[in-house]
Number of protein chains: 2
Amino acid sequence: MTGSDPRSYGHFCMLAKALERVGDRWALLVVRDLMSGPKRFTDLMDRMAGITPKTLTRRLRDLEADGLVEADREAGRREVWYQLTPAGEDLQPALEELLLWGLRNVAEPPRPDEPVHPEHVLRALQLQLQREGVDAGSVRWAVHVPGTGNYTFTGDGGRWELRSEDGPETTADISIRATRSALARFLTAPPPRDPHTEDIEITGTASAIRTFFKAIDVFPPGSHIQRPLDA
Amino acid sequence: MTGSDPRSYGHFCMLAKALERVGDRWALLVVRDLMSGPKRFTDLMDRMAGITPKTLTRRLRDLEADGLVEADREAGRREVWYQLTPAGEDLQPALEELLLWGLRNVAEPPRPDEPVHPEHVLRALQLQLQREGVDAGSVRWAVHVPGTGNYTFTGDGGRWELRSEDGPETTADISIRATRSALARFLTAPPPRDPHTEDIEITGTASAIRTFFKAIDVFPPGSHIQRPLDA
DNA sequence: CTGGATCCATGATGATACTG
DNA sequence: CAGTATCATCATGGATCCAG
């Protein structure tokens, strides 16, 4: 009412001001997908199944105007690359806490028709391992998901990292190969997990595989403590 | 086809699932104001200037359905008290990170007509002191703001707390008395601050007041490191 | 092909007034 | 005190189309 901008809350509260910038529908999901590096318009369209081009355009323009996103439009090049500014990257702690809240409070198994991007599942695993302080020594896990690229999961003394690998497969302690949905089902199922699941292939030394299974026992959260019995 | 609920993102991503529950407009501001204790409908209306009763009702019903908020409707009593469930309280880390992001990235001084609630400003100060690890020993500051109640700010070895005081004024090292907007202007102005500002009254020993001013030098963020000099 | 824009439908939100 | 009712507006979704 007071503010010239109807989308403003008009409160002198930094949470309200934060939400004025990232509170719109899809906004934080755009930031999430740009967190792993610059992307093109169609890259973002692919990852965010369900968004319309109109809405994505609007979100990118808003985020750009608020200084969270930067568009690289090089002359003579077709593609437009969107990337986060420092202010955008600075949202990482908030995104992590929101993701962990979702992990703790709305953990539902994936529905059969629900699109799954490996990066989102692996990111959840990484944050949970980090949060629980799981220390599996110095390990390196390669994850291969046909159609969405390869990921490398590394742990070193309680510190975990997730990287997307564009190049050829690198050496790793274990190698996991699965479809998108199989990976999601495997990781979201409560322990104990079956090392010989049909639809997922894990290779490596028996010792490395045991280390892997022991580490991911903390995922999903609460599963190693207790399981509520319902759907 | 994909989602029976049109408000669902339809992604298997815990951040998306979190945003399905707290991503609606005003939702996180409701959670914010319930974080300091149970409130009535009109309490929330007062704090969230600009929300319409229809929208507040809708948000409370949604949050209740999602298990974040609980309504106490005692028979024979007019008032309805809303409070957070454990899942709702569990949002505190996420709210704190979002607030700190706002503090770091959109720090604007309050506009003259902008309603200010002391709790929001003091909460920002608390989080910043905590985040910066400021240790002022064991201190107790009383804040009196006519019309919005009293607050007690306590610090003990790097750990800071903010409480709303319903009862009479308790003993404290210093006592701050100001209007809403004066308090906001005082705290959001970059240091060095003037201990003898006209529109704010600070009482206590000279030593205690020095401790106070030194502690709040970290607020707002970045102000104690460097100030951009333009023009 | 990428990176959008346009048209239309609908649901969410805002403004204002009123009620059990 | 705690909402509901009504109307207006805006953001978003769905589908299609277009320019470089």
Side-chain angles (χ1 to χ4, degrees), chain A residues 1-11 16 19-30 33-34 38-65 69-83 115, chain B residues 1-11 16 19-30 33-34 38-66 69-83:
Chain A
M1 48 196 231
T2 22
S4 45
D5 183 5
R7 291 172 52 188
S8 161
Y9 289 107
H11 294 189
L19 292 174
E20 285 169 12
R21 281 147 184 88
V22 298
D24 281 331
R25 191 162 162 79
W26 296 103
L28 281 182
L29 298 187
V30 172
D33 279 346
L34 288 179
K39 305 269 181 306
R40 293 173 302 178
F41 190 87
T42 42
D43 296 334
L44 294 170
M45 284 293 292
D46 288 344
R47 284 163 172 260
M48 291 185 283
I51 197 173
T52 64
K54 176 179 181 175
T55 302
L56 180 55
T57 300
R58 174 43 95 97
R59 283 296 85 80
L60 288 169
R61 295 287 175 280
D62 289 348
L63 290 169
E64 204 179 346
V69 163
E70 207 173 31
D72 270 7
R73 307 162 192 277
E74 256 180 49
R77 180 158 51 73
R78 297 175 72 78
E79 303 91 50
V80 181
W81 289 85
Y82 294 96
Q83 59 182 324
Chain B
M1 302 302 181
T2 3
S4 46
D5 183 5
R7 292 171 52 187
S8 162
Y9 288 109
H11 293 190
L19 292 174
E20 286 170 11
R21 279 145 186 91
V22 298
D24 281 329
R25 193 163 160 78
W26 296 102
L28 282 181
L29 298 186
V30 172
D33 279 347
L34 289 178
K39 304 270 181 304
R40 293 172 301 178
F41 190 87
T42 42
D43 295 334
L44 294 170
M45 284 293 292
D46 288 344
R47 283 163 173 260
M48 291 186 281
I51 197 174
T52 65
K54 178 179 179 174
T55 301
L56 179 55
T57 299
R58 173 45 93 103
R59 284 294 86 81
L60 287 169
R61 295 288 176 278
D62 289 348
L63 291 170
E64 206 179 344
D66 285 332
V69 163
E70 206 173 32
D72 271 5
R73 308 163 194 276
E74 256 180 50
R77 179 160 50 75
R78 273 184 86 73
E79 301 92 345
V80 180
W81 288 86
Y82 293 96
Q83 60 181 325

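The chains referred to below are lettered A, B, ... by the order of the sequence lines, with proteins before strands, and numbering in each begins at 1. The model shown is predicted, which means the values in this text are computed figures rather than measured ones. Hydrogens, waters and symmetry mates are skipped; everything else that's a heavy atom, side chains included, is used.
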Which whole-number value in Å describes the distance from [X] [atom1] to [N] [atom2]?
| X | N | atom1 | atom2 | result |
| --- | --- | --- | --- | --- |
| B:L29 | C:dT13 | CG | C1' | 14 Å |
| B:I51 | D:dG3 | CD1 | P | 13 Å |
| B:M45 | D:dT4 | CE | C1' | 13 Å |
| B:L44 | D:dG3 | CG | P | 10 Å |
| B:L56 | C:dA15 | CG | P | 14 Å |
| A:M48 | C:dG4 | CE | P | 13 Å |
| B:L60 | D:dC1 | CG | P | 16 Å |
| A:E64 | C:dG3 | CD | C1' | 14 Å |

- Message: Quick check on DNA chain C: between A:Y9 and A:F41, whose nearest nucleotide comes earlier from the 5' end?
- Response: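 First, find each residue's nearest nucleotide; the 5'-ward one identifies A:F41.
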- How large an angle, rounded to 10°, do the end axes of the helix from C:dC1-D:dG20 to C:dG20-D:dC1 enclose when each is built from five base pairs?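 Here the helix ends are tilted 40° relative to one another.
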- Does the side chain to side chain contact (heavy atoms under 4.5 Å, CB included) test come out yes or no for B:E74 and B:E79, once each step is laid out? CA-CA 8 Å; B:E74 256 180 50; B:E79 301 92 345; over 6 Å; no
- Item | Nearest heavy-atom neighbours spanning A:R77 and A:V80 |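 Here A:R77 and A:V80 meet closest at NH1-N, 4.5 Å.
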- Query: Looking only at heavy atoms, what is the nearest atom pair of B:G10 and B:E20, with distance?
  - Reply: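 Looks like N-OE2, 3.8 Å.
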- Query: So which of residues 73-83 of chain B are in contact with DNA chain D, with a heavy-atom cut-off of under 4.0 Å?
  - Reply: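 B:R73, B:R78, B:E79, B:V80, B:Y82, in order of number.
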- Item | For B:D43, salt bridge (charged side-chain N to carboxylate O under 4.0 Å, His left out) partners two or more places apart |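 Scan of B:D43 (salt bridge (charged side-chain N to carboxylate O under 4.0 Å, His left out), adjacent residues dropped) gives B:R40.
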Measure the shortest side-chain to side-chain distance between [X] and [Y] over non-hydrogen atoms and say whether it is less than 4.5 angstrom.
| X | Y | result |
| --- | --- | --- |
| B:L34 | B:L63 | no |
| A:D62 | A:R59 | yes |
| B:R47 | A:H11 | no |

- Query: Can you list the residues that meet the side chain to side chain donor-acceptor pair (under 3.5 Å) rule with A:R58, with sequence neighbours excluded?
  - Reply: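 For A:R58 there are no side chain to side chain donor-acceptor pair (under 3.5 Å) partners, ignoring immediate neighbours.
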- Query: Nearest 0.5 Å, what's the CG-OG1 distance between B:L60 and B:T55?
  - Reply: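 Here the interatomic distance stands at 11.0 Å.
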- Separation of A:R61 CZ from A:L56 CG (nearest 0.5 Å):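 Atom-to-atom, A:L56:CG and A:R61:CZ are 9.0 Å apart.
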Using atom types as modelled, flag every donor-acceptor pair under 3.5 Å from a side chain in residues 22-30 of chain A to any protein atom, sequence neighbours excluded.
| unit_1 | atom_1 | unit_2 | atom_2 | d |
| --- | --- | --- | --- | --- |
| A:D24 | OD2 | A:R7 | NH2 | 2.1 |
| A:R25 | NH1 | B:R7 | O | 3.2 |

What are the atom names and distances for every N/O pair under 3.5 Å that joins the protein to nucleotides 8-12 of chain D?
| unit_1 | atom_1 | unit_2 | atom_2 | d |
| --- | --- | --- | --- | --- |
| D:dT12 | OP1 | A:R59 | NH1 | 3.3 |
| D:dT12 | OP2 | A:R59 | NH1 | 3.0 |
| D:dT12 | OP2 | A:R59 | NH2 | 2.9 |

